[in-house]
Amino acid sequence: MVQTPDKPVTKLPPSTHEFAEIIHRLEAGGSMLPDTPENLMQIIGIYKAYAVPMDFYWRDLLYIAERVFLNPLAFFKYFLPKEYLERHNHYAGDDADLRIWRGEATAHPELLAFMEKGETFKMPKLLHHLFHDRINMEFAEACMRAMLWHRHMYAPVNQFDAYLDSEEYKANANRAIKAYFQGNPVMLGLYKLFPDMFLEQCRQMSYYANLGLFWEVMAPVFFEMSDIYDEGGFKGVPDAMNFLVNGIFAIAGRPIYHHVYIRGECYEIVPKSKGFTWLYEAALPYVEAVFYRTAPFRGTKSYNAQVGQVPDKQEDFHYGILYADVFPVGTAGIPPTLLMQDMLHFLPAYLVEYYKKHCRGEEDMLIQLGISFQRSMYNVTSAVIQALRTALLYPLDDQNPKHLQANREFFEAQLNRFCRPEYGMRDAARLRQIQRQDYR
């Protein structure tokens with residue numbers, strides 16, 4: 001049963017928007033996802049299943065950005081060294097800067113157990129890798145590349161992107177590149193011939209660091225939400241959304257930077273002193289690039305650009321998880337599918353039982369957890385929308401009708417993104433489907 005108030009609590013007349021019910025729910029402090037016990041169970045279960053591989057993603061992203069850097073033969077970049085598995089999360093453990101999760105600061109025990117045995121049995125790490133019995137870091141890299149490709153969408157608010165094109169950044173990168181290839185005349189010669197190519201690779205490494213620092217926060221947030229749910233602490237979907245909203249404001253100022261360590265020396269390519277922050281330089285670009293935009297998925301559906309099936313303008317790309325079909329193909333090269341495969345290993349027991357009871361058996365579980373993931377990301381997006389409203393507009397209980405109208409126009413503008421008919425965006429958006437409990 002939907003528990004969220006379905007009538008507006010404001011002094012405004014009812015909205016006439018196509019998604020008026022959702023507008024009223026947002027105005028009442030709710031989420032785009034209906035407040036039902038089933039939805040709460042699904043999203044928290046998925047947060048837990050996502051947090052474990054995410055604990056690997058952020059560690060490996062930082063390892064690649066800080067240590068692998070511009071290695072042209074980075075065959076072992078997914079072989080995370082012990083140093084990074086034991087690296088302390090800044091938001092978990094006794095020595096955390098801001099403790100969000102009550103658990104340990106080092107890699108999660110379930111992650112370590114999976115890395116040792118995988119789906120098969122204990123064997124050398126290289127064999128696990130070759131048999132693809134491992135965490136799919138390709139998903140994390142696809143998210144990073146989406147952020148890199150769409151990197152100018154938040155200009156001029158996002159100062160991180162502008163800095164990557166600055167002379168200061170180029171000078172910092174130049175020092176690191178020359179130090180990294182010191183004693184290698186071939187690579188130094190190539191750098192002299194193709195400086196922009198190496199600089200663009202360096203920018204990509206900066207985005208590895210950006211996403212790694214972003215997910216370093218999100219993993220303990222999701223772990224803590226799972227623990228709170230297990231203790232009976234969340235009463236509904238709005239509680240879970242508000243936990244995220246409060247977390248966004250608590251972490252908003254966390255610095256985003258990129259340091260490279262070469263022969264024991266630290267090179268600050270993006271220094272902490274530049275003042276780039278978690279909310280504006282990492283979280284908002286991530287949501288925009290990964291939830292909304294990304295790019296047409298390869299391998300499952302053919303798009304014909306000549307008949308207008310692919311947008312002319314990059315800002316019209318809407319192929320993110322909020323719009324995606326969840327294909328149960330299990331094929332490499334499709335980012336959501338790779339994530340679904342990763343999450344499958346770490347589902348809590350209650351979610352496995354739910355899928356067995358309500359779906360078409362274990363073979364259907366992969367697509368079902370993908371749909372649950374879609375619900376959970378609509379809830380995360382709702383938290384971002386409410387956080388933006390809090391930061392930019394007015395309280396929900398404001399008594400000024402003009403302020404309430406401004407809030408409503410903001411909410412309607414956000415939902416208008418799911419109503420656009422161009423390039424099939426309206427049909428692709430899953431907002432309408434997640435309102436139904438039988439969307440499976």
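Computed from heavy atoms alone, side chains included, the values below leave out hydrogens, waters and symmetry copies.
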With a 4.5 Å limit on heavy-atom distance, are the side chains of His150 and Glu315 in contact?
-> no
When every non-hydrogen atom of Val270 is compared with those of Ser206, the smallest separation belongs to CG2-OG, 4.0 Å
Show your working on side-chain contact (heavy atoms from CB on, under 4.5 Å) between Ile251 and Leu98 and close with a plain yes or no.
-> CA-CA 9 Å; Ile251 305 297; Leu98 174 62; 3.4 Å; yes
Given side chains that start at C-beta, do those of Ser31 and Arg25 come closer than 4.5 Å, heavy atoms only?
-> no
Starting from the C-alpha separation in whole Å, work towards a yes-or-no answer on side-chain contact (heavy atoms from CB on, under 4.5 Å) for Asp165 and His152.
-> CA-CA 11 Å; Asp165 295 322; His152 291 301; 3.4 Å; yes
Is it the case that more than 12 heavy atoms not belonging to Gln433 sit under 6.0 Å from its CD atom?
-> yes
Should the ring pair Phe317 and Tyr319 be called parallel, tilted or perpendicular, given that the plane angle runs from 0 to 90° and is split at 30 and 60?
-> perpendicular
Given side chains that start at C-beta, do those of Phe418 and His318 come closer than 4.5 Å, heavy atoms only?
-> no
State, to 0.1 Å, how close Ser226 and Ile44 come at their nearest heavy-atom pair, and which atoms those are.
-> CA-CG2, 3.8 Å
Got a list of side-chain donor-acceptor pairs under 3.5 Å for residues 239-246, not counting sequence neighbours?
from: Asp239; atom 1: OD2; to: Lys235; atom 2: N; distance (Å): 2.9
from: Asn242; atom 1: ND2; to: Pro238; atom 2: O; distance (Å): 3.1
from: Asn246; atom 1: ND2; to: Asn242; atom 2: O; distance (Å): 3.2

For Leu26 and Gln414, run side-chain contact (heavy atoms from CB on, under 4.5 Å): C-alpha distance rounded to whole Å, both residues' side-chain angles, the deciding distance at 0.1 Å, then the answer.
-> CA-CA 11 Å; Leu26 290 169; Gln414 295 295 323; over 6 Å; no
In Å and rounded to the nearest 0.5 Å, what is the CD1 to CG distance from Ile64 to Leu70?
-> 12.5 Å
Starting from the C-alpha separation in whole Å, work towards a yes-or-no answer on ring-ring contact (aromatic ring centres under 6.0 Å, His included) for Tyr180 and Tyr267.
-> CA-CA 10 Å; Tyr180 188 78; Tyr267 291 82; 9.9 Å; no
For Tyr350, enumerate each residue passing the ring pair (Phe, Tyr, Trp, His ring centres under 6.0 Å) test, keeping only those at least two apart in sequence or located in another chain.
-> Tyr229
Ring pair (Phe, Tyr, Trp, His ring centres under 6.0 Å) partner of Trp278, the single match among Phe214, Trp215, Phe249, Tyr286 = Phe214
Give the minimum heavy-atom separation between Leu351 and Ile46, together with the two atoms involved.
-> CD2-N, 3.9 Å
For the residue pair Tyr63 and Tyr208, is the inter-centroid distance of their aromatic rings smaller than 6.0 Å?
-> no
Are Glu141 and Lys77 within salt-bridge range, i.e. N to O under 4.0 Å?
-> yes
Given the rule in the side-chain contact (heavy atoms from CB on, under 4.5 Å) test, do Leu62 and Trp58 qualify, once you have shown the distances and angles that lead to the verdict?
-> CA-CA 6 Å; Leu62 290 183; Trp58 78 262; 3.7 Å; yes
Is the Phe223-Tyr50 ring centre distance short of 6.0 angstrom?
-> no
Aromatic contact, Phe79 with His129 (centres under 6.0 Å) | yes
Does atom OH of Tyr163 have more than 12 heavy-atom neighbours from other groups under 6.0 Å away?
-> yes
Less than 4.0 Å between a side-chain N and a carboxylate O, is that true for Glu168 and Arg175?
-> no
Are the charged groups of Glu86 and Lys82 less than 4.0 angstrom apart, N to O?
-> yes
CZ/Phe139 to OG1/Thr337 distance, rounded to the nearest 0.5 angstrom?
-> 10.5 Å
Glu38 bridged to Arg440 by N-O distance under 4.0 Å = yes
Donor-acceptor pair, side chain of Thr390 and main chain of Gln386, under 3.5 angstrom | yes
Any chance the rings of Phe276 and Tyr257 have centres within less than 6.0 Å?
-> no
What is the distance from atom CD1 of Ile100 to atom CE of Met225, rounded to the nearest 0.5 Å?
-> 11.5 Å
Note: Glu66-Arg87 ion pair, threshold 4.0 Å (strictly below) | yes
Output field: ring centroids Tyr47/Phe373 closer than 6.0 Å | no
Correct closest heavy-atom pair for Asp95 and Ala105 would be OD1-CB, 4.3 Å
Salt bridge (Lys or Arg N to Asp or Glu O under 4.0 Å) partners of Glu288, counting only residues at least two apart = Arg293, Arg417
Taking the side chain as every heavy atom from C-beta outward, state whether Gln42 and Ser376 have any atom pair closer than 4.5 Å.
-> no
